[in-house]
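A short worksheet on the structure shown next.
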2 protein chains.
Amino acid sequence: MTASINDVARAAGVSASTVSRALRGRTGVSDEVRDRIAAVAAQLGYTASRSASSLASGRTFTIGVVVPYVGRWFFGTVLDAAEQVFSAAGYDVLLYNLGTPETRKRFFTKLPVRKRVDAVLSLLIPDEGESAALRSLGVPLASTVGGARPGFTVVGIDDRLGAESAVRHLVNIGHRRIGMISGSSGPLHWTTPVERRRAYLDVLAEAGIEHDPTLEADGDYTLEGGERAMTELLAASRPPTAVFAQSDEMAMGALRALRRHRLKVPDDVSVVGFDDHELADVIGLTTVAQPVAGQGAEAARLLLRQLDEPAAEHPGHVRMPIRMVLRETTAPPRPRGPQ
Amino acid sequence: MTASINDVARAAGVSASTVSRALRGRTGVSDEVRDRIAAVAAQLGYTASRSASSLASGRTFTIGVVVPYVGRWFFGTVLDAAEQVFSAAGYDVLLYNLGTPETRKRFFTKLPVRKRVDAVLSLLIPDEGESAALRSLGVPLASTVGGARPGFTVVGIDDRLGAESAVRHLVNIGHRRIGMISGSSGPLHWTTPVERRRAYLDVLAEAGIEHDPTLEADGDYTLEGGERAMTELLAASRPPTAVFAQSDEMAMGALRALRRHRLKVPDDVSVVGFDDHELADVIGLTTVAQPVAGQGAEAARLLLRQLDEPAAEHPGHVRMPIRMVLRETTAPPRPRGPQ
DNA sequence: CTGTTAGCGCATTCAG
DNA sequence: CTGAATGCGCTAACAG
């Protein structure tokens, strides 16, 4: 089949170990021999078998990346940035897309990454058991979601602060009936929606607004879910004049629902999202911007650093900055609300 | 470290080969022994090392997927669908994100997938040299983009037909000054924009409309590119009353540019896209819908089939259906055009 | 049905 | 600076 290290050794008139040393840039090979080997290898189209070198060295030069759903803009963007960092450092990426409960369960019970990767980057929040499973791999772990977790380097944002800015903005421009579309359908350990909800409740309380449970709906972090949730909210006896959606995709779903109900944004209802999706600007969506690609790149970098300097001290939790972006989907409520 | 096959063998009181056979469901192991081995393996948390088994068997149970840009909706969606098919069949996915010319070049010269994968799915169109490089791997190849290529199983759509529908729609509702935002900045072998442009020219000719080169601009298949391109078109001495964008993302960029110029869509300018992006509906974009996830899943399935039955006959080119989706960004031109 | 014997292709000792 | 030996963990023949 394809050339092996012995083929190269024979053609270059040296031993296999010399080829191995030469090609990996190890010291102890004369320049002349190194050049000759490089030339022969190139000519034969030789590439070391990753399986064989992993087996021999114990290193795989592969990073496992676990994603809840690659197709979603947020995760695709994080993955994109992380992959660039990894590949620039010579690592390959093994992708695990865990969209359904079954695939997720299978992944964590079978752990196909065992003995296959040097580190794992998780774009989903593992529960206790899943965390333990990952820790049992004995490799560096990082994550770009959720709060601090033992054994993980977590790169994230201050969800509480972000959500507070969003809701406070609505309060500041005069809204009192403020709804929320949350993304809480996941397991309990998924802290993001919990944090954002707490911020919502806090800001309402702080503004002296009584909390109305009929103003909350679950949007499942999807466009369709956001649309359904908004429809629910509109069906309330006293619908909201403003809505905080915990993600831009849900906010866009809400906008669609509003359009279907022939309600004007922001005249009838204001909408604020979270993320600063690449299309938020096209739509004119007011939102809380977070560095999505930045978090992926940073997490990847921290992971590589752990691989390079296993002994050094490594941060457990890094927080990246967020900022409020005002666009055209929010405005003061009408003198008298709809209805 | 972690348990090896010998640990399991010893604990179960059998030989390593029996463990190997038992765990892989091969025949020739008594049920009693099989159960015992399974129990011991589970208890020890044993998973076979992929490196070792690949080295011994020659199979990797890994598929290499080459993507130009994971963060883009189109590719993320294709990848998502393909990954699901692969993982359901027990294959892992090695992801190569080739966003820049450098990473792309490095990938095709070093071919890190050599000896690492059982098959390759390409979501980008390789040029002649790149195709040859992939073919040299000696594994089944598939692609979801571009036209038929030797050595590849290509799953795609009829780009010509799709583009014709889009432009014809604009002609049918009365437009005569029809611009196009293309995605042609890539290398020449990228046939998609070429096909779509030919369709554009054909439909214009068929309608007796003279082609005006100032009505064409390159949008680079990105949102920003689409915006720039639209801005260019608006600067023409006689700007278009309708625009065909070769992708929804460019169309969205065009919409943004139009908004910035305070032009109404579709009153002042009609816009039609291509893809049926998940947000096209939110925005009300008229577009040519293609089965994006469907193409990824189908390509993955065909690849697996080639792996299962290497000897059988395999299709070289599969075309999936497309359809025109009319929404709110297209309408007949004003009685007298803008200006 | 099960154990024994050989490698798979490479990295890593250890000599020289 | 270089080569020879050894083993990484597993699978695939071959015996029994």
Is there a side-chain contact between [X] and the phosphate of [N], meaning an N or O under 4.0 Å from OP1 or OP2?
X	N	result
B:S15	C:dG3	yes
A:K115	D:dC10	yes
A:T18	D:dG3	yes
B:S51	D:dC8	no

Would B:R104 and B:F108 count as a cation-pi pair here, with the cationic atom under 6.0 angstrom from the ring centre and within 45° of the axis? no
What contact category does A:V19 fall into here, base, sugar-phosphate, or nothing, at under 4.0 angstrom with non-hydrogen atoms?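 No contact at all - A:V19 keeps every heavy atom at 4.0 Å or more from the nucleic acid.
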Ionic contact status for A:R301 with A:E298, cut-off 4.0 Å: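 Between A:R301 and A:E298 there is a salt bridge, with a charged N closer than 4.0 Å to a carboxylate O.
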Should A:V40 and A:Y46 be marked as a side-chain contact (heavy atoms from CB on, under 4.5 Å) after you check the CA-CA gap, both sets of side-chain angles, and the distance that decides it? CA-CA 8 Å; A:V40 171; A:Y46 170 74; over 6 Å; no
Separation of [N] [atom2] from [X] [atom1] (nearest whole Å):
X	N	atom1	atom2	result
A:I37	D:dC1	CD1	C1'	12 Å
A:R10	D:dT2	CZ	P	19 Å
B:R114	C:dG9	CZ	C1'	15 Å
A:R36	D:dC1	CZ	C1'	13 Å
A:L55	D:dT6	CG	P	18 Å
B:L44	D:dG9	CG	C1'	15 Å
B:I5	D:dC10	CD1	P	5 Å
A:R59	C:dT12	CZ	P	10 Å

Is any side-chain heavy atom of [X] less than 4.5 Å from a side-chain heavy atom of [Y]?
X	Y	answer
A:F152	A:P126	yes
A:L94	A:V65	no
B:F86	B:L303	yes

Shortest side-chain distance from [X], nucleotide among [options]:
X	options	value
B:S49	D:dC10, D:dA4, C:dG3	D:dC10
B:S4	C:dT2, C:dC8, D:dC10	D:dC10
B:V14	D:dT11, C:dC10, C:dG3	C:dG3
A:Y46	D:dT11, C:dT4, C:dC10	C:dC10

Report each atom pair, protein N/O against N/O of nucleotides 12-15 of chain D, whose distance is under 3.5 angstrom.
residue : atom : partner : partner atom : Å
D:dA12  : OP2  : B:R24   : NH1          : 3.3
D:dA12  : OP2  : B:R24   : NH2          : 3.3

Please answer whether the main-chain N or O of A:E32 pairs with a side-chain N or O of A:D35 as donor and acceptor at a distance below 3.5 Å.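 Not a single qualifying donor-acceptor pair exists.
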Hey, which of these two, B:A52 or B:V29, hits DNA chain C nearer its 5' end, going by closest nucleotide? B:V29
Could you walk me through whether B:Y69 and B:F75 pass the ring pair (Phe, Tyr, Trp, His ring centres under 6.0 Å) test, one step at a time? CA-CA 7 Å; B:Y69 178 32; B:F75 299 112; 7.8 Å; no
